[in-house]
Structures are given as structure tokens and as C-alpha cells.
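Some notes on the structure that comes next.
Residue indices begin at 1 and follow the sequence shown.
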Amino acid sequence: MITGHAMVCGVIGNPVGHSLSPLMHNFYGQALGLDYLYVPCHVENGRVEEAVEGAFALGFTGLNVTVPYKQQVMSCLADLDDSAKSIGAVNTLIRRGDGYVGYNTDADGLGRALKEHGMEIAGRRCILLGAGGAAKAAAYLLMREGAESVAVLNRSLEKAEMLAREMNEKAGRPLMRALPLDGWRQLEGDSYLAIQTTSVGMQPNAGRAVIEDRRFYEKISQAADAVYAPATTRFMEYVEAAGGEAINGLDMLIYQGIAALELWNPQVKVPWVVVAHVRQMLEERLHG
Ligand code: ATR
């Protein structure tokens, strides 16, 4: 039940109509019996600073931030957590006395999804496909969790080089190396953990993988695709056809939301049965 004491959070973006966060968060509120409301807030371009100030004045405990404000919002905040600084984007704001602190829960979301499926990072040789915003969160996670090495493969080699340079500086060791998409031929051995963060394979352009050569997939034993629609991407099909395991991006989406909820409500832990219900609800919504 929502009372006059309800904790209020929301998501700012433009557009926000497609966001699955209101569905997920209000579901948690009901399932866990919290006095908690989560609202979608469409913010016009150029008004993000006003929106953040307004939310603070209205007493919002926290906000999620989506496209196109994940970087712009950084200049409106009292402080930034290491996750947001390292990833260079904010997706979660948490209220404190003098303003909001910016976090990024995308890395935690991916980390929890991998763990849930028994996909270890520590000491592992990894492949990161893509060098955009989602890749940065994945790169930060792989560094933080002690990957042995990371090959960053991207269409634009320059962007991969920039990402590798930044993360190597943070890691203080030559953890990542940048390669063009066909650079996979230079990778030694097999049993790699691969994280697919490009938009190739996403609805409505499903049916393609960023690397089509099937020999590439023989190098991969476990993989996560950040794409969640379609439920099984071409990338996942290729990994599985070569004998590997693959998960889609739905659990990453779910766990980045849970990480935000737990930052706003430190006493709340979402039990697995509630996670299973949310997954089912989202699957029905996305795939019918
Ligand atoms: P996000 O924030 O979701 O990561 P992004 O920052 O726009 O989105 O990054 C998109 C990623 O998908 C990039 O790695 C991009 O490659 P480039 O850096 O070369 O642009 C990759 N990508 C998008 N379309 C692609 C395509 N048709 N072939 C290969 N890579 C593609």
C-alpha cells in the first residue's frame, strides 16, 4: 500500500515510455510490501538540471537516469561514486543531505547475472565485443573482478583503443588489448568468457551477429549478450552451436534495477522467488 510516507523514486529520460523500470520497481514494491512508488518522468532536452533540482525539492529518494542524460546529469550532482567515474556515465542517483550522488549499477547488474549463471570472471581470459557505453560498464566489471586479460573487439578500432587505454590506466597493468572485429584470429586458446555489447542482433534488426564466422565461437565456453530482445540472439545461437553456454541481457537489466533498489533501501534484499516472478513478467511483456 502507498501512504503519505511513501518513498518516491523514478526514472528520467527522453523518451521514457519504453522503460521497463517502472514495471519492475512497482512490482518489487508490491511483492515486498514496501511503501514505495516509482514513477516515469519524461524530461525535455535542456531541462535535466531543473529536473534533478525539482526531484530533490520534491523529496525523491533516488532516480534512475536513462538515454540521453547518463552523461549530462553528471554536472548536476553533489558527488560521483567510483563506478560512475570509471564508466563515465550515471544511471542511478541517491539522495544525501546536499544533493544526489551518482552511481552506475550496470556493472553490478552484469556481475550478478554472470554469477547467477555460474560464469566466473576472476583469473579468466575474456572477450569484449563493442566499445560503447554498455562495453564500458562491462570493462569496468571485468577489471574490478580480476579478469586475467580482456580482448576488446570493435568495428571502430580507435574506440576500442581508447577504452583499453583508459581501463589499463585504471587497472595499472596491461589488462586489455584492442583489436578490430576480425582480430579474433589472433586470440590464443579457447574457453573464453565473452560479453557481447554491440547493438547488432537487437530487435528490429535481429538475425545477425557482430561476427558471423562460426570458427570464432569455438573459442568461447561461456557468453553473455547484453541484448534481451529477441530472447535468443544470433550471437547466442552461434555460441551454443559451438558447444558453449549463453545468456541474454534480461538478467543484467533485472539486476541493475535490483542494485538501485538496494542502494535506495539498504535493508531490502530481493529474494530469488521475486526475481523469478519479475523475469517471467518481463518475458511475457517482451516476447508474448
Ligand atoms: P551502447 O551505449 O548501447 O553501448 P553505443 O555507445 O552506441 O551504444 O555503442 C554501440 C556499439 O555497437 C559500438 O561498439 C558500435 O561499434 P562502433 O564503435 O564501431 O560504432 C557497435 N555497433 C553498432 N552497429 C554496429 C554494426 N553494424 N557492426 C558492428 N558494430 C556495431
Side-chain angles (χ1 to χ4, degrees), residues 18 20 66-68 70-71 86-89 91 104 106-107 109-111 113-114 117 119 121 124-143 147 149-167 175-187 192-242 244-253 255-256 286:
H18 66 288
L20 296 166
T66 188
V67 179
K70 288 182 168 197
Q71 272 129 20
S86 301
I87 297 168
N91 78 339
N104 192 309
D106 286 337
L110 173 60
L114 293 176
H117 292 273
M119 299 185 180
I121 295 173
R124 191 89 181 264
R125 286 194 294 201
C126 303
I127 295 169
L128 179 57
L129 293 166
K136 262 187 137 174
Y140 173 68
L141 175 78
L142 296 176
M143 176 192 76
S149 64
V150 182
V152 190
L153 277 63
N154 196 48
R155 178 177 61 180
S156 144
L157 180 59
E158 235 172 63
K159 268 171 74 179
E161 283 171 343
M162 219 155 68
L163 177 59
R165 229 184 350 257
E166 262 176 49
M167 288 295 158
L175 166 68
M176 300 198 181
R177 92 169 144 139
L179 293 167
L181 287 175
D182 63 5
W184 63 266
R185 292 187 176 84
Q186 299 174 39
L187 299 177
Y192 281 81
L193 170 67
I195 316 287
Q196 196 307 109
T197 69
T198 76
S199 46
V200 183
M202 204 181 270
Q203 216 105 269
N205 301 308
R208 281 190 51 220
V210 65
I211 296 176
E212 288 284 348
D213 192 323
R214 305 289 284 267
R215 284 168 300 175
F216 166 60
Y217 296 88
E218 289 164 12
K219 296 197 165 288
I220 298 170
S221 60
Q222 291 181 314
D225 195 332
V227 175
Y228 53 80
T232 307
T233 60
R234 186 54 55 94
F235 171 79
M236 291 167 66
E237 282 171 9
Y238 288 162
V239 170
E240 285 168 358
E245 283 173 68
I247 60 169
N248 68 21
L250 193 59
D251 277 1
M252 298 174 212
L253 175 76
Y255 285 113
Q256 63 75 32
L286 288 164

- Message: V200 vs L129, test: side chain to side chain contact (heavy atoms under 4.5 Å, CB included). Steps then yes/no.
- Response: CA-CA 10 Å; V200 183; L129 293 166; over 6 Å; no

- Item | Which residues share a salt bridge (charged side-chain N to carboxylate O under 4.0 Å, His left out) with R234, sequence neighbours left out | E237

- Message: Do M236 and P230 have side chains that approach each other closer than 4.5 Å (heavy atoms only, starting at C-beta)?
- Response: no

- Message: Quick check for you: to the nearest 0.5 Å, what is the distance between H18 atom NE2 and T66 atom OG1?
- Response: 5.0 Å

- Query: So, do L141 and I195 sit near enough that their side-chain heavy atoms are less than 4.5 Å apart?
  - Reply: no

- Message: For residues 200-210, which residue pairs pass the side-chain hydrogen bond (donor to acceptor under 3.5 Å, both in side chains) check, not counting sequence neighbours?
- Response: none

- Message: Working to the nearest 0.5 angstrom, can you tell me the gap between L110 CG and I121 CD1?
- Response: 6.5 Å

- Message: Please enumerate all residues that pass salt bridge (charged side-chain N to carboxylate O under 4.0 Å, His left out) together with E240, with sequence neighbours excluded.
- Response: none

- Would you check if E245 and M119 make a side-chain contact, meaning some heavy-atom pair closer than 4.5 Å? yes

- Please report the shortest heavy-atom distance between A89 and N104, naming the atom on each side. O-ND2, 3.0 Å

- Item | Distance-minimising heavy-atom pair for T197 and A135 | OG1-CB, 3.3 Å

- Can you tell me how far CD1 of I211 sits from CZ of F216, rounded to the nearest 0.5 angstrom? 4.0 Å

- Message: Among residues at least two apart in sequence or on other chains, which ones pass side chain to side chain contact (heavy atoms under 4.5 Å, CB included) with A241?
- Response: R214

- If you look at every heavy atom in L187 and A151, which pair is closest and at what distance? CD2-CB, 3.6 Å

Expected list for residues 175-186: side-chain donor-acceptor pairs under 3.5 angstrom, two or more places apart:
residue: R185; atom: NH2; partner: D213; partner atom: OD2; Å: 3.4

- Task: Walk me through it: do F235 and V227 pass the test side chain to side chain contact (heavy atoms under 4.5 Å, CB included)?
- Result: CA-CA 10 Å; F235 171 79; V227 175; over 6 Å; no

- Query: How would you list, by chain and number, every residue that makes a side chain to side chain donor-acceptor pair (under 3.5 Å) with Y228, sequence neighbours excluded?
  - Reply: none

- Taking all atoms of both residues into account, what is the closest heavy-atom pair of G130 and V152, and its distance? O-CG1, 3.6 Å

- Query: Do any pairs count as a salt bridge (charged side-chain N to carboxylate O under 4.0 Å, His left out) and have a residue in residues 125-136, sequence neighbours left out, and if so which ones?
  - Reply: K136-E166

- Message: Listing request: all side-chain hydrogen bond (donor to acceptor under 3.5 Å, both in side chains) pairs with a residue in residues 153-163, at least two apart in sequence or in separate chains.
- Response: none

- Atom OG in S221, atom CD in E218: separation rounded to 0.5 Å? 13.0 Å

- With sequence neighbours left out, the residues meeting ring pair (Phe, Tyr, Trp, His ring centres under 6.0 Å) with Y255 are none

- Item | Residues forming a side chain to side chain contact (heavy atoms under 4.5 Å, CB included) with A137, sequence neighbours excluded | I87, D106

- Message: If the condition is side chain to side chain donor-acceptor pair (under 3.5 Å), which residues does N248 pass it with, not counting sequence neighbours?
- Response: none

- Query: Can you list the residues that meet the side chain to side chain donor-acceptor pair (under 3.5 Å) rule with T233, with sequence neighbours excluded?
  - Reply: D225

- Message: Please report the interatomic distance OG1(T232) to CD1(I247), rounded to the nearest 0.5 Å.
- Response: 12.0 Å

